[in-house]
Amino acid sequence: MSFSRYATDDSVISAETIVRGLWIGDTYTLSTFYTSSTNPGGEYYIDVYDDNPSTTTASVQFDIQYGHIAGSGSFPINPNVRGYSPSRVVYGQYRNLVYGTEDTNFSFDGVNTANQIYVINISRERYKQSIQPGSLNLRLVSGSQRIQLTDDSNTTSLTRFLGENRIFYIISGSNGNAYTAAASASYYGMMLPDLGVIILDASGSLTPYIASASLATGSAQNNQLKLFTSISSGSSPSFQLQSQEIVSSRYFFTRIKNSEFNYTTNPSIIDDNGNLLYSTLINNPQTFITTVGMYNDNNELLAVAKLSKPLVKDFTKEALIRIKLDY
């Protein structure tokens with residue numbers, strides 16, 4: 001078997017962004033929402049499914065959490081230690097995740113502290129590498145009150161960071177744009193696209209569109225269900241998101257000169273005595289290229305590229321086969 005080594009200029013690396021619908025089946029819009037009566041998250045979170053959880057096709061799309069700075073709104077983890085509850089754990093967890101410290105509290109306007117938050121945590125398998133900025137459209141409904149939320153990615157040319165995390169603020173609008181009437185947009189929360197997390201202000205700005213969270217501490221208040229009800233209510237509930245991922249590709253240009261690979265090594269073309277069975281190949285050898293094997297320096301096969309159809313090769317033809325490796 002003969003081999004041809006790739007030269008330095010025979011390969012090139014490129015990258016492209018792949019955008020898909022984020023929800024199950026790569027769909028852009030999620031319009032059916034279900035929870036399970038046997039929710040494994042207890043007071044910490046509720047899973048939201050695309051279908052009835054009792055069916056085999058249902059899968060978790062995202063979960064909802066409620067956090068309070070002082071631990072109100074959920075039953076204490078230890079009855080003898082007041083204030084330490086699931087809601088306090090959730091608030092502290094995301095405060096540390098976003099700000100990288102336990103000394104900075106959530107603030108969505110840069111002035112006032114948000115004592116309560118709702119968190120929408122997208123299932124990891126759904127958002128690939130990150131959420132696509134500008135794709136968020138979340139409709140909240142409470143009675144006659146309704147609002148559509150989006151991120152502000154199209155209203156600013158700056159890439160903002162909190163620590164190492166990209167951040168976009170949640171505003172009233174659609175497809176990354178504020179509604180025209182919102183000259184000075186109010187911030188209803190923040191989206192961290194690389195973490196698959198949307199954090200909403202539950203301290204007052206969204207109260208008309210979400211039932212007020214109960215702050216009682218003597219029993220489980222299930223405040224997560226209030227946001228779930230707001231998302232799943234209305235005549236046409238809708239939660240729209242897209243995922244994005246950067247796929248790196250390396251192209252190998254396999255160059256086959258006219259004098260190369262014109263003879264087959266298939267033993268079926270000779271008889272038991274070593275004579276060529278097909279006399280037409282004596283003066284006009286011809287092969288059909290179907291596969292390119294890629295080997296290392298130890299002649300170990302690393303990858304195989306298949307052509308869509310056989311490629312005729314003889315001394316009068318040269319070929320250039322482009323091989324793409326995604327990673």
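Only this structure's heavy atoms are used, side chains among them; waters, hydrogens and symmetry mates stay out.
A side-chain donor from one of N137 and Y28 sits under 3.5 Å from a side-chain acceptor of the other. Between the side chains of T113 and N105, not a single donor N or O lies within less than 3.5 Å of an accepting N or O.
Checking side-chain atoms of T207 against main-chain N and O of S212 turns up no donor-acceptor pair under 3.5 Å. Using a distance-only test at 3.5 Å, with no hydrogens or angles considered, no donor-acceptor pair links the side chain of D152 to the main chain of F168. Panel note: side chain D151, backbone G134; a donor-acceptor pair is recorded below 3.5 Å. With N154 contributing its side chain and N175 its backbone, the two residues share a donor-acceptor pair below 3.5 Å. Distance alone, capped at 3.5 Å, places no donor-acceptor pair between the S249 side chain and the S14 backbone. Checked by atom type and distance alone, the side chain of D109 pairs as donor or acceptor with a backbone atom of N112 at under 3.5 Å. Looking at E245, its side chain never comes within 3.5 Å of a backbone N or O of T17 through a donor-acceptor pair. A donor-acceptor contact shorter than 3.5 Å links the side chain of N258 to the backbone of F315. Formation of a donor-acceptor pair under 3.5 Å by the R139 side chain with backbone atoms of S236 is found in this model. Counting only distance, with no hydrogens or angles, the side chain of T32 and the backbone of D50 share a donor-acceptor pair below 3.5 Å.
Residues I24 and R126 have side chains in contact (heavy-atom distance under 4.5 Å, counting atoms from C-beta outward). You'll find the side chain of I289 reaches within 4.5 Å of the side chain of I321, heavy atoms only. Residues Q244 and I131 form no side-chain contact, since every pair of their non-hydrogen atoms from C-beta on lies 4.5 Å or further apart. Counting only heavy atoms from C-beta outward, the side chains of R160 and T156 approach each other to under 4.5 Å. Within the 4.5 Å cutoff, the side chain of N177 has no heavy atoms near those of the I171 side chain. Counting only heavy atoms from C-beta outward, the side chains of N223 and S74 never approach each other to under 4.5 Å. Here the side chains of T287 and L311 are not in contact, with every heavy-atom distance at 4.5 Å or above. For the pair Q116 and S203, the minimum side-chain heavy-atom distance is below 4.5 Å.
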* Apply side chain to side chain donor-acceptor pair (under 3.5 Å) to D63 and Y44, showing your working. => CA-CA 10 Å; D63 62 50; Y44 289 93; over 6 Å; no
* Quick one: do S214 and Q221 satisfy side chain to side chain donor-acceptor pair (under 3.5 Å)? Show the steps, please. => CA-CA 6 Å; S214 173; Q221 300 303 309; 2.7 Å; yes
* To do: Mind running salt bridge (charged side-chain N to carboxylate O under 4.0 Å, His left out) on R255 and E260 for me, showing each step along the way?
  => CA-CA 10 Å; R255 309 173 195 276; E260 297 177 321; over 6 Å; no
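Put simply, I69 and I77 are part of the same group of oily side chains (I, L, V, M, F, W, Y) that touch within less than 4.5 Å, one to the next. Hydrophobic clustering of Ile, Leu, Val, Met, Phe, Trp and Tyr side chains at less than 4.5 Å, counting indirect connections, unites L138 with I122. Y45 and V90 end up in the same hydrophobic cluster when Ile, Leu, Val, Met, Phe, Trp and Tyr side chains are linked at under 4.5 Å. Using a 4.5 Å cut-off between side-chain heavy atoms of Ile, Leu, Val, Met, Phe, Trp and Tyr, with links allowed through other members, I147 and I117 fall into different hydrophobic clusters. Cluster annotation: I64 is not connected to F75 through the hydrophobic network of ILVMFWY side chains, with a link wherever side-chain heavy atoms come within less than 4.5 Å.
A ring pair (Phe, Tyr, Trp, His ring centres under 6.0 Å) check over residues 135-159, counting only residues at least two apart or in different chains, returns nothing. Applying the ring pair (Phe, Tyr, Trp, His ring centres under 6.0 Å) test to every pair with at least one member in residues 231-252, sequence neighbours left out, gives these pairs: Y6-F252, W23-F239, F62-F239. Within the structure, salt bridge (Lys or Arg N to Asp or Glu O under 4.0 Å) pairs that include any residue of residues 279-293 do not occur (at least two apart or interchain). Every pair passing ring pair (Phe, Tyr, Trp, His ring centres under 6.0 Å) that includes a residue from residues 114-150 is listed here, sequence neighbours excluded: Y66-Y118.
Here the two rings, on F108 and Y188, have centers that are 6.0 Å apart or farther.
Closest non-hydrogen pair, I246 versus Q129, comes out as N-OE1, 2.7 Å. Nearest heavy-atom pair, G234 versus P237, reported as atom, atom and distance to 0.1 Å: O-CD, 3.5 Å. Looking at every heavy atom in both residues, M191 comes nearest to P133 through CE-CA, 4.3 Å. Residues I199 and V197 approach most closely at CG1-CG1, 3.6 Å, considering heavy atoms. T150 and S174 make their closest contact through CG2-N, 3.4 Å (heavy atoms, listed as atom of the first residue, atom of the second, distance). Between P208 and S142, the shortest heavy-atom distance links the atoms O-CB, 3.6 Å.
Every residue two or more places apart in sequence or in another chain that forms a salt bridge (charged side-chain N to carboxylate O under 4.0 Å, His left out) with K317 is listed here: D314. Residues passing the side chain to side chain donor-acceptor pair (under 3.5 Å) test with D9: none are found, sequence neighbours excluded. Contacts of E16 classified as salt bridge (charged side-chain N to carboxylate O under 4.0 Å, His left out), with partners at least two apart in sequence or in another chain: K324. The salt bridge (charged side-chain N to carboxylate O under 4.0 Å, His left out) check on D297 picks up R5, with sequence neighbours excluded. In this view, R250 satisfies the salt bridge (charged side-chain N to carboxylate O under 4.0 Å, His left out) rule with no residue, not counting sequence neighbours.
The other members of the hydrophobic cluster of Y34, by chain and number, are Y49, V60 (side-chain heavy atoms under 4.5 Å, ILVMFWY only). In the hydrophobic clustering (ILVMFWY side chains linked at under 4.5 Å, chained through shared members), V81 is joined by Y84.
Once rounded to the nearest 0.5 Å, the distance linking CD of E43 with CD of Q224 reads 7.5 Å. If you take CG on D10 and CZ on F253, they are separated by 9.0 Å, rounding to the nearest 0.5 Å. Considering CD1 of I167 and CG of D194, their distance stands at 11.5 Å, rounded to 0.5 Å. In this structure, S186 OG and D201 CG are separated by 10.5 Å, a value rounded to the nearest 0.5 Å.
Annotation: R322, atom CZ; neighbour count of heavy atoms from other residues, nucleotides and ligands within 6.0 Å does not exceed 12.
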Exercise answer: donor-acceptor pairs, residues 298-310 side-chain atoms, under 3.5 Å, sequence neighbours excluded:
residue: E300; atom: OE1; partner: N296; partner atom: ND2; Å: 2.8
residue: K306; atom: NZ; partner: T291; partner atom: OG1; Å: 3.2

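Exactly one residue among I46, L200, V48, V119 makes a side-chain contact (heavy atoms from CB on, under 4.5 Å) with L227. That residue is L200. Here the options are L162, I198, V98, the test is side-chain contact (heavy atoms from CB on, under 4.5 Å), and the partner is L192; only V98 passes. Under the side-chain contact (heavy atoms from CB on, under 4.5 Å) test applied with L22, the options L30, T29, L241, T27 reduce to a single match, L241.
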